Amino acid sequence: CVTLKIDSVYGLGGEFFRWEYATAIAGAILNINPFDEPNVTESKDNTNALLKHYKEHGELPRTEAAFTEENVSLYADEKLLRLLSELSLQHHYSGSDLTGMLAAQFNSTRAGDYFAMLAYLPPVSEINTTLEHIRRRLRHATRRAVTLGYGPRYLHSTGQLHKGGPDNGIFILITCDDDVDLPVPGEPYTFSTLKTAQAEGDLQALLNVGRRALRLHIRGDIQAGLSKLLIAIDAVDERRH
């Protein structure tokens, strides 16, 4: 932990410059250009296409869940579902329930892989505490780095790395039904619809470049839904011991 003491309000401008410069240097080291983020633009284009569909049809395009267990539904493309089914058999997990599929995904990493938890959830302390607990447990069980970012804000920070960087990420998007929703001024849709379109647009961008990505949607009790991840992590941890 590094603490930077600012002597005056003008020092804040200096900090802006410091970290903008650091971003450019980090981008060069990671072999990405933070001033030209084509994959971020792709996510935006996907989102705009979904919102256009909403304007024309009054709803977002319907997608079928691969699995629904209690209040959690899993969404993934056919390629990943086939892979998870094969991995479930290899690792002796159930290929017909959510726990088995998630455990197979957690257990399928290669050296140098990392997990990215992309949470389109309310950033309140209780949920953040649970997500951090999941992050630490997943790191412990798999010995892989685990990042945590809130959507949609991560789209303009690590979003380009996810899609334009090395193919060593496993992405878990987590969405939920919003208890409170408000209309977007001047548009026929709400902020919840916009957020859903952003999540699905980024998922499509990840899949378009062949990333290992899935989405979990929680209806109702968010904490109960997140517990499904912990159950799958426990299954991985128990198998390794």
Side-chain angles (χ1 to χ4, degrees), residues 64-121 123 126-151 154 158 161-163 165-176 199 202-203 206-207 209-241:
E64 293 295 327
F67 288 99
T68 296
E69 188 175 292
E70 296 178 1
N71 69 325
V72 181
S73 296
L74 182 148
Y75 296 84
D77 66 357
E78 288 298 326
K79 178 181 177 181
L80 182 60
L81 289 174
R82 286 196 300 271
L83 175 62
L84 293 182
S85 180
E86 293 171 2
L87 290 170
S88 296
L89 291 174
Q90 292 175 13
H91 296 288
H92 305 290
Y93 295 120
S94 171
S96 59
D97 61 40
L98 185 61
T99 298
M101 296 294 272
L102 289 175
Q105 179 71 96
F106 295 155
N107 215 21
S108 65
T109 58
R110 303 182 291 266
D113 280 351
Y114 73 95
F115 291 97
M117 293 171 53
L118 309 176
Y120 289 77
L121 305 176
E126 295 84 358
I127 291 175
N128 192 68
T129 297
T130 301
L131 289 172
E132 286 289 355
H133 178 58
I134 293 170
R135 185 183 65 80
R136 289 190 297 270
R137 290 282 296 113
L138 184 57
R139 180 193 63 192
H140 176 77
T142 64
R143 302 297 192 268
R144 305 299 184 213
V146 185
T147 66
L148 170 62
Y150 278 95
Y154 76 82
T158 54
L161 176 64
H162 293 164
K163 297 176 284 289
D167 183 14
N168 63 335
I170 298 166
F171 305 94
I172 304 167
L173 284 81
I174 309 172
T175 57
C176 70
D202 192 48
L203 177 61
L206 288 165
L207 295 175
V209 290
R211 298 298 189 250
R212 291 162 286 175
L214 57 84
R215 178 168 75 97
L216 299 175
H217 184 74
I218 301 173
R219 294 176 177 81
D221 190 336
I222 295 176
Q223 296 287 7
L226 291 176
S227 70
K228 299 294 184 183
L229 286 162
L230 288 169
I231 293 171
I233 294 169
D234 286 342
V236 173
D237 204 21
E238 289 172 5
R239 185 65 53 81
R240 293 198 171 192
H241 286 82

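Since we're looking at a predicted model, the values are computed, not measured. Hydrogens, waters and symmetry mates are skipped; everything else that's a heavy atom, side chains included, is used.
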Enquirer: Between Val146 and Arg135, what is the shortest heavy-atom contact and its length?
Expert: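 Looking at all heavy atoms of both residues, the shortest contact is O-CD, 3.3 Å.
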
Enquirer: Got Arg137 and Leu229 here, is their nearest side-chain heavy-atom distance under 4.5 Å?
Expert: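 The answer is no, as the side chains (C-beta and beyond) never meet within the 4.5 Å cut-off.
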
Enquirer: Tell me, with the steps shown, if Phe67 and Tyr75 meet side-chain contact (heavy atoms from CB on, under 4.5 Å).
Expert: CA-CA 7 Å; Phe67 288 99; Tyr75 296 84; over 6 Å; no

Enquirer: Is any side-chain heavy atom of Leu214 closer than 4.5 Å to one of Leu80?
Expert: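 SC-SC contact between Leu80 and Leu214 confirmed.
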
Enquirer: Please confirm whether the backbone N or O of Ile218 pairs with a side-chain atom of Asn71, one donor and one acceptor, at under 3.5 Å?
Expert: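 No; zero donor-acceptor contacts below 3.5 Å.
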
Enquirer: Aromatic rings Tyr154 and Tyr120: how do their planes relate, parallel, tilted or perpendicular, breaks at 30° and 60°?
Expert: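 Tyr154 and Tyr120: perpendicular rings.
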
Enquirer: Under the side chain to side chain contact (heavy atoms under 4.5 Å, CB included) test against Leu216, which residue among Leu226, Thr175, Val72, Leu173 passes?
Expert: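 Answer to the side chain to side chain contact (heavy atoms under 4.5 Å, CB included) test with Leu216 among Leu226, Thr175, Val72, Leu173: Val72.
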
Enquirer: Between the main-chain N or O of Lys163 and the side-chain N or O of Arg211, is there a donor-acceptor pair closer than 3.5 Å?
Expert: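 Judged by distance alone, yes, a pair lies under 3.5 Å.
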
Enquirer: Ignoring hydrogens, what is the shortest heavy-atom contact between Ala119 and Leu148? Give both atom names and the distance.
Expert: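 In terms of heavy atoms, the two residues are closest at CB-CD1, 4.5 Å.
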
Enquirer: Name the residue from Glu64, His217, Arg219 that meets the side-chain hydrogen bond (donor to acceptor under 3.5 Å, both in side chains) definition with Ser73.
Expert: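 In the set Glu64, His217, Arg219, the residue that makes a side-chain hydrogen bond (donor to acceptor under 3.5 Å, both in side chains) with Ser73 is Arg219.
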
Enquirer: Pair Tyr93, Thr99 - check side-chain contact (heavy atoms from CB on, under 4.5 Å), show working.
Expert: CA-CA 8 Å; Tyr93 295 120; Thr99 298; over 6 Å; no

Enquirer: Any chance you could measure His162, atom NE2, to Asp202, atom CG, to the nearest 0.5 Å?
Expert: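 Spacing of NE2 (His162) from CG (Asp202) equals 8.5 Å.
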
Enquirer: Rounded to the nearest 0.5 Å, what separation is found between the CD1 atom of Ile222 and the OG atom of Ser227?
Expert: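 Atom-to-atom, Ile222:CD1 and Ser227:OG are 12.5 Å apart.
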
Enquirer: Hey, is the main chain of Phe115 close enough, under 3.5 Å, to the side chain of Arg144 for a donor-acceptor pair?
Expert: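 Answer holds: no.
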
Enquirer: For the residue pair Glu132 / Thr129, report whether a side-chain donor-acceptor contact shorter than 3.5 Å exists.
Expert: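 Thr129 vs Glu132: no donor-acceptor pair found between side chains.
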
Enquirer: Report the distance from atom CG of Leu74 to atom CD1 of Ile172, rounding to the nearest 0.5 Å.
Expert: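 Leu74 atom CG to Ile172 atom CD1 measures 9.5 Å (nearest 0.5 Å).
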
Enquirer: Is a side-chain N or O of Ser85 found less than 3.5 angstrom from the main chain of Leu81, in a donor-acceptor match?
Expert: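 Pair absent, no side-chain N/O of Ser85 close to backbone of Leu81.
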
Enquirer: Within this structure, what is the CD1-CG distance for the pair Ile233 and Leu102, rounded to the nearest 0.5 Å?
Expert: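 Answer rounded to 0.5 Å: 9.0 Å.
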
Enquirer: Is a side-chain N or O of Asn168 found less than 3.5 angstrom from the main chain of Gly112, in a donor-acceptor match?
Expert: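 Yes.
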
Enquirer: How long is the gap from CG on Leu206 to CG on Leu118, to the nearest 0.5 Å?
Expert: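 That separation rounds to 7.5 Å.
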
Enquirer: Between atom CG of Leu98 and atom CD1 of Ile231, what is the distance when rounded to the nearest 0.5 Å?
Expert: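 Atom-to-atom, Leu98:CG and Ile231:CD1 are 9.0 Å apart.
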
Enquirer: State, to 0.1 Å, how close Lys228 and Glu70 come at their nearest heavy-atom pair, and which atoms those are.
Expert: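 Result for this residue pair: NZ-OE1, 3.0 Å.
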
Enquirer: Using the side chain to side chain contact (heavy atoms under 4.5 Å, CB included) rule, pick out the option among Asp113, Leu87, Thr142 that qualifies with Ser108.
Expert: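 With Ser108 as partner, side chain to side chain contact (heavy atoms under 4.5 Å, CB included) holds for just one option, Leu87.
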
Enquirer: Testing the basics here: between Ala104 and Ser88, what is the closest heavy-atom pair and its distance to 0.1 Å?
Expert: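 Looks like CB-OG, 3.5 Å.
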
